Amino acid sequence: MNRIIKDDINQILKSRYLSYAVSTIISRSLPDLRDGLKPVHRRIIYSMYLLKLFNNSTFKKSARIVGDVMGKFHPHGDQAIYQSLVRMAQDFSSRVTLIEGQGNFGNIDGDNAAAMRYTEARLEEITELFFDGIEEDSTTFSNNYDGQNLEPDVLPSKLPNILLNGSTGIAVGMATNIPPHNLIEINECLIKLIQKPDFSESDLLKIIKGPDLPTGGEIILSSTDKKNIYKKGFGSFLINSKWHDEKIKNGLYEIVITEIPFQVNKVKIIEQLANLINQKKIPLDDVRDESDENVRIVLRPKNRKIDKKKLVDLCFKLTDLSIKYSCNFNVLENGRIPKQLGLKSILTQFIDFRKITLKRKSKFNINKNNKRLEILKGYLIVFANLDKIINIIRTKDDPKNVMIKSFKLSELQAEAILNMRLGSLKKLDELNINKEIKKLKEINTNLKKLIKNDDYLSKFLIKEIKEISETLSEKIKIRRSNVNTSDDYELDVKIDEFTEIEKFNVLITKDNLLKKVKDYSEDSKDHNIKTFIPVSSNHKLLIFLSSGKVLTLNPNLLPGGKAAPKSYIELINVGVDEKLISVFNANTQKKLLLITKLGKGFISISEKMITNQRKGKMIINLKNNDQLLNVHHLKYNHIALVSKNEKLLIFETTSIPTLNKGSGVQLMKIKDKDFITDSSLVDQKEGLLWIKASKQKNLKDTEFWIGKRAQVGKKVPRGFNKNLKFNS
């Protein structure tokens, strides 16, 4: 505890964090390309192999398996180990389950498996393909965490599990997300690559249709996405649920979902649909879960006239009935080097791994057979000199050395002869011994060919792969996911298409408070209301601030009924010095005229001002401490401007340009210390209107004040408001 470390803290942190990152990548999160397993999965399968839990044996308690894994190989939490075991037994999580479970192993609704003390497990029959020659030196072993047991660095698998079941994991600085695939298609690709190593990636993509997911569904995979995923190792595709319609009475129909996207919780989908029904965002009367061991989600439309395809597309757009799956083919090369690889690289390295495995296994068996041949040759000597050898064994103090010298035997042969039982002497038959010798020599010849002759090794591998494909069950062979290779797939529906449209009015008080009401008219006697705007629930409101910003507000968010109106400050993101200028309906009040205090302005189209940004967007650029004064819905062809210097100018709005945004043009010439006090649209039939002392004044003849844009204007008419505003 008294040791003092003298080093740069940055270097210490770098080295420690790097060690942690490497440990996470290699020992936890990324799968090995060769057997497609992470350490925890490999340890579970190997522990079950040691327990002899093969498919023809009885089940054992999951707690026993987890205990063995944790005690011998994986010193981590028992629940983490058990969850990994459970996933390998779930047919909705793994394309080919490696463990057969007995008991409650969870379901697609997201319910957890029963406790490990209740469930039982054993290996699936196909999992035995992971142990090809494991006891014949086909793989290397290392010490476990405490050095008391050996564990395999990689399982000598015959299956390309990295693509068959895929893998998901998040490490430090990298992640992997490999979807499951169809084994028949992968095996066909392997055969083509063994026969012709320069077989192109484009040719491989003609064999591999795309991922094959445990839960089925329809995969939307464009040719571009397919190339990115399988050539570069990253990309994405859509997974859509599979559905059909069923006719019911009175000409109505129901939509039945039979397959849902991979790794999506069924209960979550039903909750999403139920919430959308409650919020009236989707034209459904009801959603029912009628699932048993098969998925069956029933959607009942509101009426028979609703287009079923558009209805399903809307459900896909708003819920997890359709999801985007992102691929990232990050794997460990040789169990150590993390790399992002394409399809051909993964399959080529798997073939190389199988070749190394077979060669190691062959060498082991050649050595084993050579020892047996040596013993058999010794037995031939025994057969030829049986009486002499029996006499030596009975009479000599050191019969082993005497036999070695007398008959030129090896140590191994002498040991084998001395260890023979008397009862086996009667079986000692020269003919049978020679037959076994001949057979072993033939086996060794074939094994040597596997080691030295690459063509022979390739043919052997192809034969092995074909045998695996032939012996697979139909459940594994049949493709579960349909692949749609459309390059122009798009959901043919708009979110608002089925939305129930509700009409109401937005009221704006003199204190700039807002609320919505069903019925309101100009005849209403509420003097606190400054203005009202008729809107529909699918419309958007534009809110203009003095800073020149415009914000978009969903009118459905406003308080309604008897609720108190809300200040605009509570509804939108407003700065300290920003004041509300005007509110408009972006869908009905199309052309808006913006006017600043220093006489600048332009016309803008309301729909182009709609924004999703919470802070809004700057619509008019202000200079010299200018600010937005008024915004008008352009109903008439003339605008009247009045300035602090008591000048009035009326001109045609056709002379004002239409812009998306900008500084605008000069509407009225403003001298030093002067500014615009108010503006008003003018209907030439009615003349210029203003309110004075609560009474409306009307100037019919406006010819004297009509001029051109950017002029100074003329003296305001007699009887005009002293505060120089059209509304006192």
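The shown structure was predicted, so the numbers you read here are calculated from the model rather than taken from an experiment.
Taking the charged nitrogens against the carboxylate oxygens, Asp313 and Lys309 do have a contact shorter than 4.0 Å, which makes a salt bridge. For the pair Asp320 and Lys268, the salt-bridge criterion is met [side-chain N within less than 4.0 Å of a carboxylate O]. Salt-bridge annotation for Asp109 and Lys266: present, with a side-chain N of the basic residue lying under 4.0 Å from a carboxylate O of the acidic one. At a threshold of 4.0 Å, the pair Glu218-Lys242 does not count as salt-bridged, since none of the basic side-chain nitrogens sits closer than that to a carboxylate oxygen.
In this structure, Gln666 and Ala710 approach most closely via the heavy-atom pair O-CB, 3.6 Å. Minimum interatomic distance between Asn621 and Ser663 (heavy atoms only, all atoms of both residues): CB-OG, 3.6 Å. Minimum interatomic distance between Leu542 and Ser606 (heavy atoms only, all atoms of both residues): CD1-O, 3.5 Å. Nearest heavy-atom pair across Leu622 and Leu628 is CD1-N, 3.9 Å. Considering all non-hydrogen atoms of both residues, Pro301 and Ile306 come closest at CB-CD1, 4.3 Å. When all heavy atoms of Pro179 and Leu213 are compared, the pair lying nearest together is CB-CD2, 4.3 Å.
Arg304 places no side-chain N or O within 3.5 Å of a backbone atom of Tyr253 that could act as its donor or acceptor partner.
In this structure, Thr596 and Ile676 have side chains that are not in contact, with every pair of non-hydrogen atoms separated by 4.5 Å or more. Inter-residue side-chain proximity for Leu558 and Lys515 is flagged as unmet; no heavy-atom pair is nearer than 4.5 Å. The side-chain heavy atoms of Ile639 and Leu681, taken from C-beta on, include a pair separated by under 4.5 Å. Here the side chains of Met668 and Phe651 are not in contact, with every heavy-atom distance at 4.5 Å or above. Residues Asn505 and Pro534 have side chains in contact (heavy-atom distance under 4.5 Å, counting atoms from C-beta outward). When side chains are defined from C-beta on, Ser536 does not count as touching Asn587, because their heavy atoms never get closer than 4.5 Å.
Side-chain contact, Ser546 with Gln627: no donor N or O sits under 3.5 Å from an acceptor N or O. At a cut-off of 3.5 Å, with distance as the only test, no side-chain donor of Glu686 or Asn698 sits close to an acceptor on the other residue. If you check the side chains of Asn512 and Lys530, you find a donor sitting under 3.5 Å from an acceptor. A donor-acceptor contact closer than 3.5 angstrom links the side chains of Asn177 and Thr168. A donor and an acceptor atom, one from each side chain of Ser202 and Lys231, are located under 3.5 Å apart. For the residue pair Asn637 and Thr653, no side-chain donor N or O sits within less than 3.5 Å of a side-chain acceptor on the partner. With no hydrogens or angles considered, a side-chain donor-acceptor pair links Asp289 and Ser291 at under 3.5 Å.
Aromatic rings from Phe726 and Phe720 are positioned such that their centres are separated by under 6.0 Å.
Arg296 pairs in a salt bridge (charged side-chain N to carboxylate O under 4.0 Å, His left out) with only one of the listed residues (Glu259, Glu246, Glu254), which is Glu246. Here the rule is side-chain contact (heavy atoms from CB on, under 4.5 Å) with Val682, and of Ile706, Leu699, Leu688, Leu689 only Leu688 fits it.
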